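Take a look at the structure below.
Quantities reported herein were computed from a predicted structural model and do not represent experimental measurements.
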Amino acid sequence: MLSCSLSDPSGAGGVAADAITCAAMGCHGAAVVTVLTVRDSNRTHSVLAVESDFVGQQARAVLGDMNVAAIKIGAVGAPASALALAVILSDYPDLPVVFDPRLTASDEEGALENSADDDATHVRAWRALLPRARVCTLSLALARRWIGLLEDANSAAPLAPHECARQLLQWGARAVFLTAAASDNGRIVNQLFDGGVDWEGANGQPIPKVALICRAGADSGKLDVQVQGQSKKIHAVAKRE
């Protein structure tokens with residue numbers, strides 16, 4: 001698996017954390033570093049985006065040499081790096097890609113150093129990656145911010161999860177996985193929307209044909225999975241029928 005993301009000296013995030021996850025799953029984790037960070041276990045102190053040509057050279061070197069089975073794209077750094085990766089991915093149309101975007105290398109909940117115009121430039125570039133990814137995964141809060149930067153900021157805040165997913169699907173995403181989409185009795189609810197969506201639901205409300213809702217209970221260690229109203233409990237992996 002090839003991870004394209006930031007370098008985290010603490011090992012808690014970015015390509016280091018992805019490599020640890022890959023190892024735990026029995027596969028080899030390769031890495032393309034897009035952003036250098038000065039980060040400890042508490043916060044990010046400084047970031048430095050890697051030049052886009054160098055990001056592209058890293059990716060092509062690995063893809064041309066190794067049997068890459070999947071790609072995960074996280075923080076991409078400069079907008080030019082997002083565009084460079086989109087061009088490279090067009091040469092590998094059958095390679096599964098997960099796009100897990102971030103507005104900054106620091107926590108998305110924290111204060112952003114960029115202006116709104118700078119962030120909008122980033123989002124416009126990242127939109128080029130959406131059609132290349134099998135699934136785009138991001139929090140509901142970040143999805144609202146994405147839409148607010150490019151559409152009407154005042155109307156983005158109250159958007160429901162399915163409304164955010166509809167916009168991202170219209171921008172080219174084939175599937176959208178929204179994390180922290182809702183809260184249910186202290187449990188976090190995540191929702192997956194695929195491209196097969198019926199936007200002519202009852203009372204004019206868009207209704208996804210396939211919506212996978214995972215409720216993770218901190219005390220039980222189980223996932224409560226609902227697929228089109230049918231509920232079942234599983235221990236590890238949620239599979240659609």
To the nearest 0.5 angstrom, please state how far the [atom1] atom of [X] sits from the [atom2] atom of [Y].
| X | Y | atom1 | atom2 | value |
| --- | --- | --- | --- | --- |
| C27 | M1 | SG | CE | 6.5 Å |
| T37 | L6 | OG1 | CG | 5.5 Å |
| L2 | L95 | CG | CG | 8.5 Å |

Donor-acceptor under 3.5 Å ([X] side chain, [Y] main chain):
| X | Y | answer |
| --- | --- | --- |
| S7 | L36 | no |
| R174 | V135 | no |
| Q167 | C164 | no |
| S46 | V38 | no |
| H122 | G77 | yes |

Residue pair [X] / [Y], side-chain heavy-atom distance below 4.5 Å:
| X | Y | result |
| --- | --- | --- |
| L140 | T179 | no |
| M66 | H28 | yes |
| L85 | V76 | yes |
| P79 | W126 | no |
| V98 | I71 | no |
| L89 | I73 | yes |
| L138 | L168 | yes |
| R60 | D91 | yes |

Ignoring hydrogens, what is the shortest heavy-atom contact between S5 and G74? Give both atom names and the distance.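 Closest heavy-atom pair between S5 and G74: OG-CA, 3.9 Å.
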Identify the two heavy atoms, one from Y92 and one from G64, that lie closest to each other, and give their separation to 0.1 Å.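 In terms of heavy atoms, the two residues are closest at OH-N, 4.3 Å.
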Scan V35, V33, V50 and name whichever one has a side-chain contact (heavy atoms from CB on, under 4.5 Å) with V55.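 Only one of V35, V33, V50 forms a side-chain contact (heavy atoms from CB on, under 4.5 Å) with V55, namely V50.
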May I ask whether V97 and L83 are part of the same hydrophobic cluster, defined by side-chain heavy atoms of I, L, V, M, F, W, Y residues being less than 4.5 angstrom apart, directly or through others?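 Shared cluster, no.
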Looking at K72 and D18, is any side-chain nitrogen of the basic one under 4.0 Å from a carboxylate oxygen of the acidic one?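 A salt bridge is present here (some side-chain N lies under 4.0 Å from a carboxylate O).
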Has F54 got more than 12 heavy atoms of other residues, nucleotides or ligands less than 6.0 Å from its CZ?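 Counting neighbours around CZ of F54, 12 or fewer heavy atoms of other residues, nucleotides or ligands fall under 6.0 Å, so no.
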Is it the case that R39 and S10 place a side-chain donor and acceptor less than 3.5 Å from each other?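 Side-chain D/A pair, R39 to S10: absent.
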Apply side chain to side chain contact (heavy atoms under 4.5 Å, CB included) to H162 and R166, showing your working. CA-CA 6 Å; H162 67 264; R166 174 174 59 182; 6.0 Å; no
